[in-house]
Amino acid sequence: MDTRAPGSSKTDPSYDVLHQQRTRLPLDVLFAPRSVAVVGATERPGSVGRTVLWNLISNPFGGTVYPINPKRPNVLGIKAWPSLSALPERVDLAVIVTPARAVPGVIQECAALGIRGAIILSAGFKESGAEGERLEQDILRVAQAAQVRVIGPNCLGVMRPPSGFNATFAGAMARPGNVAFISQSGALLTAILDWSLREAVGFSAFVSVGSMLDVGWGDVIDFLADDPMTRSILLYMESIGDARAFLSAAREVALTKPIIVIKAGRTAQAARAAASHTGSLTGSDEVLSAAFRRSGVLRVDSIADLFYMAETLARQPRPAGRRLTVLTNAGGPGVLATDALVSGGGELATLSASTRQALDAFLPPQWSHANPVDILGDADPERFAKALEVTGRDEGSDGLLVILTPQDMTEPTQTADRLKPYAKLHGKPVLASWMGGSEVAAGERILNDAGIPTFGYPDTAARIFNYMWSYTYNLAGLYETPALAGDVGLARDDARRWVDAARAAGRTLLTEFESKKLLAAYGIPTVETRLAVTEDAAVAEAAALGYPVVVKLHSLTVTHKSDVGGVRLDLPDADAVRDAFRDIRARLEALGQGRAFDGVTVQPMARLDGYELIVGSSVDAQFGPVLLFGSGGTLVEVFRDRALGLPPLNTTLARRLMEQTRIYEALKGVRGRPPVDLEALEQLLVHFSQLVVEQRFVKEVDINPLLASPERLLALDARVVLHPASVTEAELPKLAIEPYPQQYMAPFRLRSGEEVLLRPIRPEDEPRMAEFHRTLSEQTVFLRYAGLMQLSARVAHARLARICFNDYARELALVAERKDGELLGVGRLTRLRGTKDAEFAILISDPVQRQGLGAEMLTRLVDIGRDWGMARIVADILAGNRAMQSISRKLGFSILQHEELAPDMVKAVKVL
């Protein structure tokens, strides 16, 4: 039965959308093809072409396999075809094993025939030199034009063990499982495959991405996000590729499926550092670690830990914090566990008085009376079980580790059996270390089968616990509600004028005076700084400011003033100012840099008893602008106490950046000293990140030192380096994370005459969103969510945090805000993964419905979709929601019905 809406037809692009959900996504042809051609199939023993063909036909995946070999009538007993164009059907996937120079022609043939997927196993591309790189670019140009998705080149291929699909030249098929393993190294994959067969470890996907010419980390993570067979994703990474795509995909997926990565090349030096302190302190591996933290990805240091963590996170809940209780029948292993725990950032839980009292009731008097809880070498299974139950109830503990050593009176197997009921203990992870060999093997199997991960050594177990709480910490940062950064009336245009004027003059270095003006425009407090080009002017400015003063070199070209003796502190009078002026000029002349002397700056001597910090930014080759925070002063490179982060920041991310440094403990107050105003420091870091995001022609910034005291924060010195005037805006390094899209902020007047602001949502909006949901009637909720949802569920933190946190590269919600901050409505546009479609949803508070707000929001969402380059905007709407259907029709949407939709639903479709 044709259920199309009147006026629609099968040639109408809007009608095609109804079939989008049935059609397969672009990467399906790579992971679940219905037909495969092996280009370069052969019977030559030991060849890649023979192995990959054999793997495809000996592991039935439900599809057809076509050998392509122009010189043979058949290969391995299967009819061979001379070319792709000679095949009786258009295949989904071409697996290419020809010499490198022939691959561009094969891709051209795929494009001409409409083949949408290719896996290039062939080597001899950019890893072999300039000619190979040229071949890659030829392939990419053709593939992108024809929308052919390519894995490789120089890769092992793709396995999907649950379906039997094996398009690799590996020696065996992996076991089915729920772990996806993606690697840039094919050789590592084969080694892991061999290990997994021995250890009976299974995989949902086994993927070698090779050179990542087209399909990269972000693409594969997005595909696995919707894969019901995949519960965790493991990555062996040698290079990040498209950093923004990786971070965007990882941030979306990490909350539902753990992403665990090991990155090779940890000790490789970054590209040549820039001249600034910040540039010399940043390195690509440190930046990568910061990016992993920002995206909720867990980084581990060994292949073994990669699989330990996948297993542990699949079996046990994540700890809420870093406090571990260690339960042991021997002192030494408890000490080893403690060393590993504390050195990795974890903490021993402090036993509460009630817990100690409960343990006293059944443990021998000689027990340790502290954590680690040593229950002594004669502990029987019942003592282990009761001790685990009691310590597990302690609210001061976030996880438990049970250690058993096989002593004469120990019963490893019976003890393991007795601990089985505690595999799920008050939502806390339970780990075990059964130390020994054959004597404890049966107990290990019992614990593992019960869901308690068991390790041969206690320090390994403690290390895994540290990884677990680190993962919790990273994820919490993604959706922790930040405080709203204070409005300081940012003078963005003024700041841009300072930058533009310097670039127009051919300069790449702002003077200290200009740098401080730039900072002040973003609300960063600076020392009052006055210019003087003569001795008399310097003395006059000093008198106006009041003694003592600081005199510094003013130069358009000198990078670091202290390196050339260009700083004089605590000058008490006019004579000292004159001497400083002359001495600074004389030092430059002695160094042969007399022309670099452009005068001095005069500043009041700041006498604050505080800490010297550094705040900076420089450009990383992979991730673009990167932020730095840490201990400052002249010994900044010596102490190297710093943390890196990616802009933009909110107050939560700013606090987490500070927490990663040693100086943070001092800033909280030590030895009777009052703490620094940490909230003000958070705000400063947020505004500094805004400067970095908005002033894109700024290449490097150093604020060193930033003096932090309980009374105030003050930037004593600043240095700003610009991109050369020859660099255009299009050539600037891209931000790794999409910043807040201010371009979509604009007022709107309701029919009542009230003016509201429509703007993109922010994580800080969560409290306001909770209040907004309290204004909604049950009817409004039903029409929006196609069912009733209790208020408690609608305002739950976990839900609202996800709603208010937008990855602006993937989704964008507009809120309507009154002048008093009340939210009146929200409209959301979300890209549909793997398509050129975006889906809208709109929710308006009952008191302001029928005021034109819904239509205005949808109009703006459509404009955003156009900016994104979407092909269509779609939405599923309840058939009874006549108001939303009416608005959609007025804005050019078609309202369509189809048997694949629920009977009470219609689809709104607008072709852009």
Side-chain angles (χ1 to χ4, degrees), residues 199 201 304-305 307-319 322-341 344 346 348-349 359 363 368 371-394 397-407 409-469:
E199 298 294 326
V201 174
D305 288 349
F307 288 94
Y308 284 153
M309 285 307 301
E311 177 185 14
T312 302
L313 291 172
R315 295 182 173 191
Q316 288 290 320
R318 299 193 310 270
R322 66 182 71 199
R323 303 166 301 178
L324 178 67
T325 300
V326 179
L327 185 67
T328 178
N329 69 341
V335 174
L336 288 174
T338 301
D339 283 345
L341 175 73
L348 281 176
L359 292 171
L363 290 180
S368 61
N371 185 17
V373 180
D374 188 349
I375 62 175
L376 305 181
D378 63 348
D380 60 9
E382 189 61 26
R383 190 188 298 175
F384 266 99
K386 289 179 67 175
L388 180 58
E389 181 178 355
V390 169
T391 53
R393 288 197 300 262
D394 195 320
S397 173
D398 299 310
L400 297 106
L401 168 59
V402 184
I403 303 172
L404 178 143
T405 60
Q407 303 178 39
M409 62 290 291
T410 307
E411 300 174 357
T413 304
Q414 293 88 334
T415 301
D417 193 64
R418 184 66 182 83
L419 296 187
K420 283 162 52 178
Y422 302 101
K424 306 295 181 185
L425 186 64
H426 309 295
K428 301 175 182 179
V430 179
L431 310 179
S433 176
W434 255 224
M435 300 180 67
S438 58
E439 190 174 346
V440 301
E444 283 184 327
R445 284 194 296 271
I446 290 171
L447 290 170
N448 284 323
D449 290 344
I452 299 177
T454 309
F455 305 92
Y457 301 103
D459 52 344
T460 302
R463 185 173 73 249
I464 295 305
F465 177 79
N466 278 336
Y467 280 136
M468 293 179 76
W469 70 254

| task | Mind checking salt bridge (charged side-chain N to carboxylate O under 4.0 Å, His left out) for R322 and listing every partner two or more places apart, or none if nothing turns up? | result | none
| task | Would you indicate whether the side-chain heavy atoms of L348 and P372 approach each other to under 4.5 Å? | result | yes
| request: Go through the structure and list residues passing side chain to side chain donor-acceptor pair (under 3.5 Å) with T312, not counting sequence neighbours. | output: none
| request: Hey, could you give me the CD1/CG distance between I375 and L359, rounded to the nearest 0.5 Å? | output: 9.5 Å
| field | Least distance between heavy atoms, A330 atom then T405 atom | value | CB-OG1, 3.6 Å
| remark: By side chain to side chain donor-acceptor pair (under 3.5 Å), D380 pairs with (sequence neighbours left out) none
| query | In Å and rounded to the nearest 0.5 Å, what is the CZ to CG distance from F455 to N448? | reply | 8.5 Å
Show me, pair by pair, the donor-acceptor contacts under 3.5 angstrom made by side chains of residues 457-466, not counting sequence neighbours?
unit_1 : atom_1 : unit_2 : atom_2 : d
R463   : NE     : D305   : OD2    : 2.9
R463   : NH2    : D305   : OD1    : 2.9
N466   : OD1    : G346   : N      : 3.3
N466   : OD1    : W469   : NE1    : 2.8
N466   : ND2    : A340   : O      : 3.3
N466   : ND2    : L341   : O      : 3.0

| query | Of all residues at least two apart in sequence or in a different chain, which pass the salt bridge (charged side-chain N to carboxylate O under 4.0 Å, His left out) check with E411? | reply | none
| task | Report the residues that fulfil side chain to side chain donor-acceptor pair (under 3.5 Å) with S433, sequence neighbours left out, ordered by chain and then residue number. | result | none
| field | Donor-acceptor contact below 3.5 Å, side chain D378 vs main chain Q407 | value | no
| remark: Across all chains, not counting sequence neighbours, the salt bridge (charged side-chain N to carboxylate O under 4.0 Å, His left out) partners of R318 are none
| note | To the nearest 0.5 Å, atom CD1 of I403 lies from atom CG of N329 at 8.5 Å
| task | Verify side-chain contact (heavy atoms from CB on, under 4.5 Å) between L363 and K386, making sure each step is shown before the conclusion. | result | CA-CA 9 Å; L363 290 180; K386 289 179 67 175; over 6 Å; no
| query | Once you round to the nearest 0.5 Å, how far does OG1 of T391 lie from CG of N371? | reply | 8.5 Å
| query | Excluding sequence neighbours, so at least two apart, what forms side chain to side chain donor-acceptor pair (under 3.5 Å) with Y308? | reply | none
| query | Can you list every salt bridge (Lys or Arg N to Asp or Glu O under 4.0 Å) pair that touches residues 412-429, not counting sequence neighbours? | reply | E382-R418, D417-K420
| message | Do E311 and V201 have side chains that approach each other closer than 4.5 Å (heavy atoms only, starting at C-beta)? | response | no
| remark: Tightest non-hydrogen contact, residues V430 and I452, listed as O-CG2, 3.5 Å
| note | What one should report as the nearest heavy-atom pair of F384 and L327 is O-CD2, 3.9 Å
| task | Over all heavy atoms of both residues, which pair between L419 and A385 is shortest? Give the atoms and the distance, please. | result | CD2-CA, 3.7 Å
| Listed by chain and number, what are the salt bridge (charged side-chain N to carboxylate O under 4.0 Å, His left out) partners of D394, not counting sequence neighbours? | none
| If you look at every heavy atom in Q316 and A423, which pair is closest and at what distance? | NE2-O, 2.9 Å
| task | Grab the two heavy atoms, one from G334 and one from V326, that are nearest each other, plus how far apart they are. | result | CA-CG1, 4.3 Å
Could you go through residues 437-445 and list every donor-acceptor pair under 3.5 Å that involves a side-chain atom there, pairing it with any protein atom two or more places apart or in another chain?
none

| Euclidean distance, T415 OG1 relative to L388 CG, rounded to 0.5 Å | 11.5 Å
| Pairing residues for A416 by the side chain to side chain contact (heavy atoms under 4.5 Å, CB included) criterion, not counting sequence neighbours | W434, I446, L447
